[in-house]
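We use all heavy atoms of the structure for the numbers below, so side chains are in, but hydrogens, waters and symmetry mates are not.
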Amino acid sequence: MDDKSNKLLLVPVLTVLFVMIGYQYICPAGSTSCRFGNGESFPFSKYAADVKRESPDPDEDAPFKFPSKFNFTREDIYRHVDFDIKGNDVIVFLHIQKTGGTTFGRHLVRNIHLERPCDCRSGQKKCTCHRPGKAESWLFSRFSTGWSCGLHADWTELTNCVPAVMNKKQKKDAPLNRRNFYYITLLRDPVSRYLSEWKHVQRGATWKTALHMCDGRPPTPDELPACYSSEDWTGVSLEEFMACPSNLANNRQTRMLADLSLVGCYNLSSMSEERRAELLLSSAKRNLLHMAFFGLTEFQRKTQFLFERTFGLHFITAFTQINGTRAAGVTVGASTRRRIEELNALDMQLYEYARELFSRRVQYCHHQERQEERERKRQQRRRMKEQKASQIQQQEDDERKDAELTGVTEDYSSQVVRW
């Protein structure tokens, strides 16, 4: 009897020892991969995580979630414009130098599928972009209305100038229309843009006819000294280009998107350099955030996609990414690059902000597309079910009518025989 009891006790003891040895082998001391309870991980949790990551979202219609370094809200991310091209809506393109704006501007006048396409004639730089049924432009840009507010007008100039110019273009006897102005722009990596502008200036470009209007007047020569004394700056070296303190290539994107009235326009003595930089950057971010649309030169197809989703307008041919630019062909050392980044410190911060915002908007639009596709498929399945149910019901009705008709015929036949 004792031997039998010992054998019975030995089985569970050996089982416990086997389990303990196995647990120590799979989950050695100090391991975090085999914890249990209170949300702790399951054995082989990394594989479980992989399965979870690949499995479909259990709630496909759950609200879109997006982590953001800049704490963007859904209102910041979502952009859709019910653009009324037949009404009074106007797209205003803020063209910043060397951001690919010339190519994008041509897309706007030559590559959009419209009921009334822009009239672009050979040999003419400008196109006529009239609304359907109206002799009025729906687009304010270099290739449609020309430089009506000055060469490469910035945000400060455009917002003060565009409404007046559009009203002036109306017929004198027509009542003034209340228009919706939708501002758009392109941004580019600051170092690439800066090098591209240097190469452009080196070939003879000056943009010296730009007005730089702010608070009703252009800057004085003391407020904005010239970087060169001759007709242009042809042949300037990169070192000379970087050495001019009044070079508007420095932080150009921030300056062109900010409200310059906040910093006393071009009067650098109105406040400290630190305070001026702070106000310029915050204003540029705010204006960029509230623009109807902006794209990034480095992401042409995504820029096209986002524009189409925002305005409901579609391009005829796809955008192409051109990486072989003049700036791409310039090789600079690490110290020179750091110097360019220092000269464009505000643009570097603005571009980081813009790239994050752009990525979130593209991501959100793709999320919407998937939602719309799922809804389309649901509607399609619902229609098919309803159609099938209707066919079954029709078939049952036809069978019932046939049965009723057969019964009447048989009853009539029996009556004839009886007669």
Would you please test R179 and E136 for side-chain contact (heavy atoms from CB on, under 4.5 Å) and show each step? CA-CA 12 Å; R179 297 180 178 84; E136 180 182 281; 3.5 Å; yes

[Y] and [X], any side-chain heavy atoms less than 4.5 Å apart:
X    : Y    : answer
W155 : M256 : no
H80  : Q368 : no
F307 : I184 : yes
R203 : K199 : yes
L306 : F358 : yes
L158 : C161 : no
N180 : F83  : no
L257 : D154 : no

I'd like to know if the side chain of [X] reaches the main chain of [Y], judged simply by a donor and an acceptor atom lying under 3.5 Å from each other, with no hydrogens or angles considered.
X    : Y    : answer
D398 : Q395 : no
K168 : P163 : no
T145 : S148 : no
N160 : T156 : yes
S196 : K98  : no
N251 : D347 : yes
D89  : I85  : no
N247 : F241 : yes
E157 : M213 : yes
T254 : L281 : no

Apply ring-ring contact (aromatic ring centres under 6.0 Å, His included) to residues F93 and Y183 and explain how you reach the verdict. CA-CA 6 Å; F93 180 34; Y183 285 80; over 10 Å; no

Do any pairs count as a side-chain hydrogen bond (donor to acceptor under 3.5 Å, both in side chains) and have a residue in residues 109-120, sequence neighbours left out, and if so which ones?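 Applying side-chain hydrogen bond (donor to acceptor under 3.5 Å, both in side chains) to every pair that reaches into residues 109-120, excluding sequence neighbours, yields K86-E115, H107-N111, N111-T317, D119-R121.
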
Are H200 and W207 close enough, and set up right, to give a ring-ring contact (aromatic ring centres under 6.0 Å, His included), and what steps lead you there? CA-CA 11 Å; H200 198 58; W207 300 299; 5.3 Å; yes

For E197, enumerate each residue passing the side-chain hydrogen bond (donor to acceptor under 3.5 Å, both in side chains) test, keeping only those at least two apart in sequence or located in another chain.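 In terms of side-chain hydrogen bond (donor to acceptor under 3.5 Å, both in side chains), with neighbours along the sequence ignored, E197 is linked to R193, R252.
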
Looking at V92 and F181, what are the two nearest heavy atoms and their distance?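 Smallest heavy-atom distance, with atoms named: CG2-CD2, 4.0 Å.
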
Considering non-hydrogen atoms only, spot the tightest contact between Q202 and V236 and give its length.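 Looking at all heavy atoms of both residues, the shortest contact is NE2-O, 3.0 Å.
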
Applying ring-ring contact (aromatic ring centres under 6.0 Å, His included) as the test, list every pair that has at least one member in residues 323-344; sequence neighbours left out.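 Counting only pairs at least two positions apart or across chains, no ring-ring contact (aromatic ring centres under 6.0 Å, His included) contact touches residues 323-344.
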
[X] with [Y]: basic N within carboxylate O range, under 4.0 Å:
X    : Y    : value
R370 : E373 : no
E273 : R276 : no
E341 : R337 : yes
E356 : R360 : yes
E369 : R376 : no
E386 : R383 : no

Passing option when D397 is tested against K401, Q393, Q394 for side chain to side chain donor-acceptor pair (under 3.5 Å):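 By the side chain to side chain donor-acceptor pair (under 3.5 Å) criterion, D397 pairs with just one of K401, Q393, Q394: Q393.
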
Can you list the steps and then say if D232 with T234 is a side-chain hydrogen bond (donor to acceptor under 3.5 Å, both in side chains)? CA-CA 6 Å; D232 55 41; T234 301; 2.6 Å; yes

Applying ring-ring contact (aromatic ring centres under 6.0 Å, His included), run through W147 and H152 and close with a yes or a no. CA-CA 7 Å; W147 300 113; H152 286 288; 4.6 Å; yes

Restricting to disulfide (SG to SG under 2.5 Å), what partner residues turn up for C214, sequence neighbours left out?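 Testing C214 for disulfide (SG to SG under 2.5 Å), a comparison that skips the adjacent residues, returns C265.
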
Verdict with reasoning, F104 to F319, per side-chain contact (heavy atoms from CB on, under 4.5 Å): CA-CA 9 Å; F104 185 76; F319 288 14; 3.9 Å; yes

Show your working on side-chain hydrogen bond (donor to acceptor under 3.5 Å, both in side chains) between T73 and D76 and close with a plain yes or no. CA-CA 5 Å; T73 65; D76 298 334; 3.1 Å; yes

Any luck finding a side-chain donor-acceptor pair between S283 and D259 under 3.5 Å?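 S283 vs D259: no donor-acceptor pair found between side chains.
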
Side-chain donor-acceptor contact under 3.5 Å, R188 with Y194: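 Per modelled atom types, R188 and Y194 side chains form no pair under 3.5 Å.
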
More than 12 non-hydrogen atoms from neighbouring residues, nucleotides or ligands closer than 6.0 Å to [atom1] on [X], yes or no?
X    : atom1 : value
E372 : CD    : yes
R355 : CZ    : no
K285 : NZ    : yes

Calculate, to the nearest 0.5 Å, the distance between atoms CD and CZ belonging to Q371 and R374 respectively.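 Answer rounded to 0.5 Å: 4.0 Å.
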
Does any pair with a residue in residues 326-406 pass disulfide bond (SG atoms under 2.5 Å apart), and if so which ones, sequence neighbours excluded?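 The answer is none; no pair qualifies.
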
side-chain contact (heavy atoms from CB on, under 4.5 Å), that's the test. Do L139 and L108 meet it? Break it down for me. CA-CA 8 Å; L139 175 65; L108 292 176; 3.9 Å; yes

Are C127 and C118 close enough that their SG atoms are less than 2.5 Å apart?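 The answer is no, since C118 and C127 keep their SG atoms 2.5 Å or more apart.
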
H212 and L248: CA distance, side-chain angles, deciding distance, side-chain contact (heavy atoms from CB on, under 4.5 Å) verdict: CA-CA 11 Å; H212 304 304; L248 290 180; 3.5 Å; yes

Scan the side chains in residues 289-301 for donor-acceptor partners under 3.5 Å anywhere in the protein, sequence neighbours excluded, and list what turns up.
residue: H290; atom: ND1; partner: R286; partner atom: O; Å: 2.9
residue: T297; atom: OG1; partner: T99; partner atom: O; Å: 2.4
residue: T297; atom: OG1; partner: L187; partner atom: O; Å: 3.1
residue: E298; atom: OE1; partner: Y351; partner atom: OH; Å: 2.7
residue: E298; atom: OE2; partner: D189; partner atom: N; Å: 2.9
residue: Q300; atom: NE2; partner: T297; partner atom: O; Å: 3.0

Determine the interplanar angle of the Y353 and F72 rings, folded into 0 to 90°, and report it as parallel if under 30°, tilted if 30 to 60°, perpendicular if over 60°.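 Ring orientation, 0 to 90° scale: perpendicular.
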
Given F305 and H366, is the ring-ring contact (aromatic ring centres under 6.0 Å, His included) satisfied, shown in steps? CA-CA 9 Å; F305 168 73; H366 281 305; 4.3 Å; yes

